[in-house]
Number of protein chains: 2
Amino acid sequence: MGNTDARTARSRKALMDAGIELLLQNPAASLKEIAEHAGVGRATLYRQFESREQLVQALAVECFELKEQKLAPLKDLNLSARETLEQTFMLLMPMADRFHFLLSLWNIAEQDPEVMALYNRQLFDLVALVEKGKKEGSIDSSFDSNWLVCLIDSLMFSGWWMMGNMHMTPDVAAKHAIKSLFSGVG
Amino acid sequence: MGNTDARTARSRKALMDAGIELLLQNPAASLKEIAEHAGVGRATLYRQFESREQLVQALAVECFELKEQKLAPLKDLNLSARETLEQTFMLLMPMADRFHFLLSLWNIAEQDPEVMALYNRQLFDLVALVEKGKKEGSIDSSFDSNWLVCLIDSLMFSGWWMMGNMHMTPDVAAKHAIKSLFSGVG
DNA sequence: AACATATGAGACACTATTGTATCATATCTT
DNA sequence: AAGATATGATACAATAGTGTCTCATATGTT
């Protein structure tokens, strides 16, 4: 399964990179623009992705896989929930733009079962982590777990905004997010 | 200036309501869909808005004006920064969907000078409020003010998500946001 | 080197959207 | 009630995007 030709892999990667970049700044970017920006013929795009929807969904899957890949090392460390969360921010903040991509094209991405499966799994994991934090006493049990998950995601969003508009580094953004989350700003 | 005919006002309102609603769930909604959803002829839409961009920008201006209008009562109360912020969440949370609208179509809205002027003014006000909080001791001075502003916005986003996906009420969302912001969740 | 195949360029048909114009009719203003 | 005007329906032209196909060429594979 899957084509192994180096040319295919190369143009696929170029297309996906261009797709993320262009769709991030303009969710209505045309396939023609994306192909051009990738330095690839428009026909090649259609050879790899049946439609605009499929491209977006493939990009969404890639975002989730990248996230999983970045977080994989944490699985073995057996850290506390709080430490795990802190590391999560540090590891994911550099790819905060990917989360914004997912958000801005979610109405398309969510139609793909594969995307939804990945989303639900990672949501489940995060809920579990938050509830572990509650048990360990590092997270206030009176908060709704869904709120907490949502809060964590929105802190990634804050980071993305600060990195893009205020020249904040991922490292600093992650530290701000961690401090804000656990201690508040009061 | 401005047309005072009741019919114009009515169809303009219908179009803007439909625009917010449709563009919120699908930023690529066509003008035909918007006109239909507004129960108005497509030609009427073109009579009121020269282009898609102008419609979006008019909607963005409306969002900012609505925000300003909701916050106006606070001006006279001379509350502390902390109390003002708390009231801000309570007053704005019911219109959190408008902020998501602005975010999702920001690439278009930001091209309008009027939108940018409103945005900058309200950003300025919020920065001032945050810095007042720092002086009053209710906000940790070690945080970057821009980060704090960004955090406040992203808490509105959290509220929007919880209201739309988890049936949270605006009131509860606002209270969660306030508690999370000032005290953190740790 | 010989073969296989992915690619770019271009032509093509098709659709959706956009934006303009017209005109009889309904609704508002005065 | 009479006049003014906004509206809906419709037709229309222009454009942009989509998706398919072909074929000579460049590039990988073996």
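Order of the sequence lines sets the chain letters (A, B, ...), proteins ahead of strands, with each chain counted from 1. Every value quoted in this text rests on a predicted model; they were computed, and no experiment measured them.
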Worksheet entry | Axial bend angle, the helix from dA1(C)-dT30(D) to dT30(C)-dA1(D): five-pair end segments, nearest 10° |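 The value is 60°.
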Does a nitrogen or oxygen in the side chain of [X] sit under 4.0 Å from OP1 or OP2 of [N]?
X        : N       : answer
Arg52(A) : dT18(D) : yes
Gln48(A) : dT7(C)  : yes
Arg7(A)  : dG8(C)  : no
Arg12(B) : dA6(D)  : no
Ser30(B) : dA16(C) : no

Worksheet item: Can a donor-acceptor pair under 3.5 Å be found between the side-chain atoms of Arg47(A) and the base atoms of dG8(C)?
Response: yes
Side-chain ion pair, [X] and [Y], N-O less than 4.0 Å:
X         : Y         : result
Glu36(B)  : Arg42(B)  : no
Lys132(B) : Glu136(B) : yes
Glu131(B) : Lys135(B) : no
Asp140(B) : Lys179(A) : yes
Asp125(B) : Arg121(B) : no

Worksheet item: Under 4.5 Å between any side-chain heavy atoms of Asp171(A) and Met93(A), yes or no?
Response: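 Side chain of Asp171(A) against side chain of Met93(A), heavy atoms only: no contact under 4.5 Å found.
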Take the protein atom [atom1] of [X] and the nucleotide atom [atom2] of [N], then report the distance between them rounded to whole Å.
X         : N       : atom1 : atom2 : answer
Arg42(A)  : dC12(C) : CZ    : C1'   : 11 Å
Ile108(A) : dT18(D) : CD1   : C1'   : 14 Å
Glu50(B)  : dA21(C) : CD    : P     : 13 Å
Leu31(B)  : dT15(D) : CG    : P     : 18 Å
Leu45(A)  : dG17(D) : CG    : C1'   : 13 Å
Phe49(B)  : dT7(D)  : CZ    : C1'   : 15 Å
Tyr46(A)  : dG19(D) : OH    : P     : 5 Å
Glu36(B)  : dT10(D) : CD    : P     : 12 Å

Item to complete: Ignoring the backbone of Asp5(A), work out which of dC28(C), dA6(C), dG8(D) is nearest its side chain.
Response: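 Output: dA6(C).
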Worksheet, complete the sentence: Of Ala43(B) and Glu53(A), the one whose closest nucleotide on DNA chain D sits nearer the 5' end is Ala43(B)
Discussion item. Nearest heavy atom decides the nucleotide; on that basis, is Arg10(B) or Glu33(B) closer to the 5' end of DNA chain C?
Written reply: Glu33(B)
Item to complete: For Phe157(B), check ring pair (Phe, Tyr, Trp, His ring centres under 6.0 Å) against everything at least two apart and list the hits.
Response: Phe157(A), Trp160(B)
